[in-house]
Amino acid sequence: MSLISARSSAIQAITNYRPESAPLNFAETKPQDLFGCNVFDDRAMRQRLPKNIYRALRKTIDRGESLDPAIADTVAAVIKDWAIEKGATHYTHVFYPLTGQTAEKHDCLLQPDGAGGVIAEFSGTMLIKGEADGSSFPSGGLRSTFEARGYTAWDVTSPAYIMENPNGTFLCIPSMFLSWTGVVLDKKTPLLRSNQALNREARRVLSLFGVTSSLPVGPFAGLEQEYFLIDGNFNFARPDVQIAGRTLFGARPAKGQEFSDQYFGVIPQRVLSFMMEAERELYKLGVPVMTRHNEAAPSQYEIAPLFETGNIAIDHNHIIMSTLRNVAKRYGLKCLLHEKPFRGINGSGKHLNYSIGNAELGTLFNPGETPESNAKFLVFCAAMIRAVHKHGGMLRATVASASNDHRLGAHEAPPAIMSIFLGDQLSDVFEQFRVGRITGNSKKRRMMSVGVDTLPPLKADPGDRNRTSPIAFTGNRFEFRAVGSSQSAAGPLTALNTMMADSLKFSADWLEAKLAAGQSLNDAVQSLISHIIEEHSAVIFNGDGYSDIWHKEAARRGLPNHRTTPEAIPEYTQPETIALYEAMGVLNRTELKARHEIHLEQYCKTVRTEANLVSRIGRTIIVPAVVRYQGELAATCVSMQAIGKTFRTQVLDEVTEYHWHMHDALTQLDEALEKAPSVGDSLAQAQFYCETILPAMESVRTWADKLELRVADDLWHLPSYQEILFGK
Ligand code: ADP
Ligand code: MG
């Protein structure tokens with residue numbers, strides 16, 4: 001029997017693969033000329049805008065001063081001319097709805113001029129505000145369909161840019177997305193609000209140290225993006241990969257990542273060509289990509305830009321994700337951003353390197369050279385400790401998704417318990433505050449001081465790295481490692497800003513009160529840090545986050561351990577969360593409730609889609625292969641008997657037994673899907689998917705994966721792990 005399966009044609013296609021893209025002529029195109037060439041950046045603004053308008057716009061961008069609507073028309077006209085020179089025919093407000101995706105709606109810049117021709121039209125109003133019927137975006141009940149209008153509003157602080165397509169270009173305007181009544185429907189608006197809260201409270205603290213700045217103080221974010229690349233042909237041969245972005249079946253290959261031969265290995269040529277083209281595209285869009293390397297798992301890679309101000313870093317990460325996806329196709333590849341595409345090898349994360357500061361002040365998580373700057377540094381670090389201790393559960397909720405559940409808590413990603421790794425030296429400093437004895441010495445080196453104790457400068461500990469901690473201090477920043485590779489990092493960044501703003505407010509209140517009571521700044525700082533460490537040191541953990549001992553210890557310390565999305569999401573509507581977000585002016589109760597609903601809804605839909613795939617693939621692809629093989633084996637038995645020989649039926653017995661188990665498991669899965677509640681309490685729905693559907697899917701997979709190792713390979717239709725991971 002000869003079957004042309006999607007699997008065999010996929011493999012054939014790979015052997016015949018030729019890249020489509022034309023190689024770049026390096027003599028003509030210099031990378032340094034490309035950087036930002038498609039961005040309406042400062043250079044373009046300065047060149048093209050009238051001086052007074054340039055200055056007014058800069059004030060809005062740099063200092064967050066509100067935009068003078070009177071200048072909008074001029075800015076729009078200039079942006080329009082710039083875009084048209086770059087071949088743009090359309091423009092779009094780009095926004096980030098609560099699906100976590102990037103959304104755009106293109107409108108033509110050209111309009112009939114009434115005399116048989118067209119003219120380009122783009123007014124200030126069109127630049128500032130767009131209308132997008134938002135009825136199909138999740139709103140968690142914030143907006144019923146009869147008032148479905150949403151509008152997009154220009155985010156002046158993130159530059160406009162041009163996206164290229166072989167058939168034309170279009171102008172992109174980074175935007176917020178709100179309902180007509182001003183209710184927040186996106187991920188950018190709360191982020192911008194949290195920036196404001198952080199600026200306000202950080203400046204209060206800084207001013208007590210006599211530090212001022214003409215620029216707002218805000219977050220810096222450096223986002224390391226991990227991803228998988230597989231040959232695009234496998235995408236079509238694997239409905240699970242195509243629809244769910246991950247394999248729902250697949251026996252462990254003979255070789256996985258155990259040799260560590262992939263990590264930092266030489267990048268294969270086809271992959272490198274893809275990376276170079278993706279980076280070139282990103283360069284044109286002003287994304288400062290820095291690092292590329294092979295990651296730990298076979299077919300896994302990482303791209304990391306230089307850190308930028310938080311809002312821009314988030315926008316750029318969205319651009320990175322879509323660029324990776326698009327450019328991969330040109331090389332016949334499929335980019336998988338899913339957190340766990342393959343079982344048994346590492347999944348993908350997106351480390352969020354977080355610090356606070358601005359271009360004038362640098363990063364405030366940088367230990368300083370003087371006692372004063374050390375004190376300031378310790379106040380900011382202590383605020384982080386307090387923030388994570390108070391709101392770690394909520395922070396965990398911002399990275400909760402069906403796909404990230406496969407990663408958090410497994411032995412490759414940080415555990416679901418939010419703790420802080422400080423390293424020996426910093427822990428020692430805080431420990432001295434805790435026991436109330438600041439010795440000026442430490443185990444390792446001479447210790448720092450907070451003023452009169454005259455501590456020498458604190459040096460960052462570069463050798464100290466703990467891969468098992470979800471939030472690790474790495475010298476001048478905290479690395480938050482629990483973000484999933486496919487997620488928008490806007491939610492976690494908003495949470496970090498909001499938590500920090502609250503803790504800095506607490507600190508400023510404390511210090512101001514002590515100073516008003518006549519204490520010296522030094523004494524006030526000492527009492528503040530001692531207090532925070534006394535109350536919140538339970539969140540500090542420098543050991544192995546993967547160990548069982550830590551899970552027990554964390555429970556003893558009262559740290560939340562939300563293993564799954566349905567466990568984590570209720571954090572959105574806890575009284576402490578609502579109080580925090582409302583006090584900081586970031587999200588109100590209704591908006592948080594909407595997020596709670598949307599995330600649970602997304603979770604149910606994701607698991608349901610996967611379960612449907614398991615059932616469909618199980619019944620229509622795997623079982624038929626098994627039946628054919630059983631037929632072959634049975635036929636062999638019969639023909640052997642016909643010539644008077646007995647045929648040992650062990651294989652047939654085994655395959656038949658696994659088949660029955662698989663059949664039962666499929667029946668149970670389908671029955672469970674029938675029973676899944678679809679109305680009423682969304683948390684109960686999510687719990688059902690988590691506790692009933694996921695195990696039912698797992699059971700089907702167990703038998704299917706066993707069968708993959710029994711059934712004749714030429715009858716098996718799904719490409720194997722080995723082919724997908726090593727065939728490229
Ligand atoms: P790692 O060794 O952790 O993989 P990478 O070099 O891949 O480090 O990525 C580190 C990321 O952290 C980069 O995006 C880098 O620009 C960013 N980063 C460095 N310093 C800071 C800082 N002060 N604040 C925020 N991000 C930072
Ligand atoms: Mg890295």
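Here the structure is a predicted model, which means the values were calculated and not measured. Read the numbers this way: they start at 1 and go in the same order the structure lists the ligands and their atoms. Numbers here are sequence positions counted from 1.
With no hydrogens or angles considered, no side-chain donor-acceptor pair links Glu281 and Thr323 at under 3.5 Å. Inspection of the Asp41 and Tyr161 side chains reveals no N or O donor paired with an N or O acceptor under 3.5 Å.
In this structure, the ring of Phe307 has its center less than 6.0 angstrom from the ring center of Phe220.
Within the listing of ligand 1, atoms 16 (O) sit less than 4.0 angstrom from a heavy atom of Leu306. Distances below 4.0 Å separate heavy atoms of Pro305 from the following atoms of ligand 1: 13 (C), 14 (O), 16 (O). Here is the list of ligand 1 atoms found below 4.0 Å of a heavy atom in Asn476: 20 (N), 23 (N).
At least one heavy atom of Glu302 sits less than 4.0 Å from an atom of ligand 1.
Only the side chain of Thr363 comes within contact range of ligand 1, with a heavy atom under 4.0 Å; no backbone atom does. Neither the backbone nor the side chain of Met290 comes within 4.0 Å of ligand 1, counting heavy atoms alone.
Between atom 18 (N) of ligand 1 and the options Tyr354, Phe478, Phe307, the minimum heavy-atom separation is to Phe307.
Aromatic ring orientation, Phe274 versus Tyr331: perpendicular (interplanar angle above 60°, classes split at 30° and 60°). Relative ring orientation between Trp550 and Phe541 is described as parallel, the plane-to-plane angle staying below 30° on a 0-90° scale split at 30° and 60°.
Considering both main-chain and side-chain atoms, Thr291 never comes within under 3.5 Å of ligand 1 through any nitrogen or oxygen pair.
The cationic group of Arg292 does not satisfy the cation-pi geometry with Tyr301, failing either the under 6.0 Å distance to the six-membered ring centre or the 45° limit from the ring axis.
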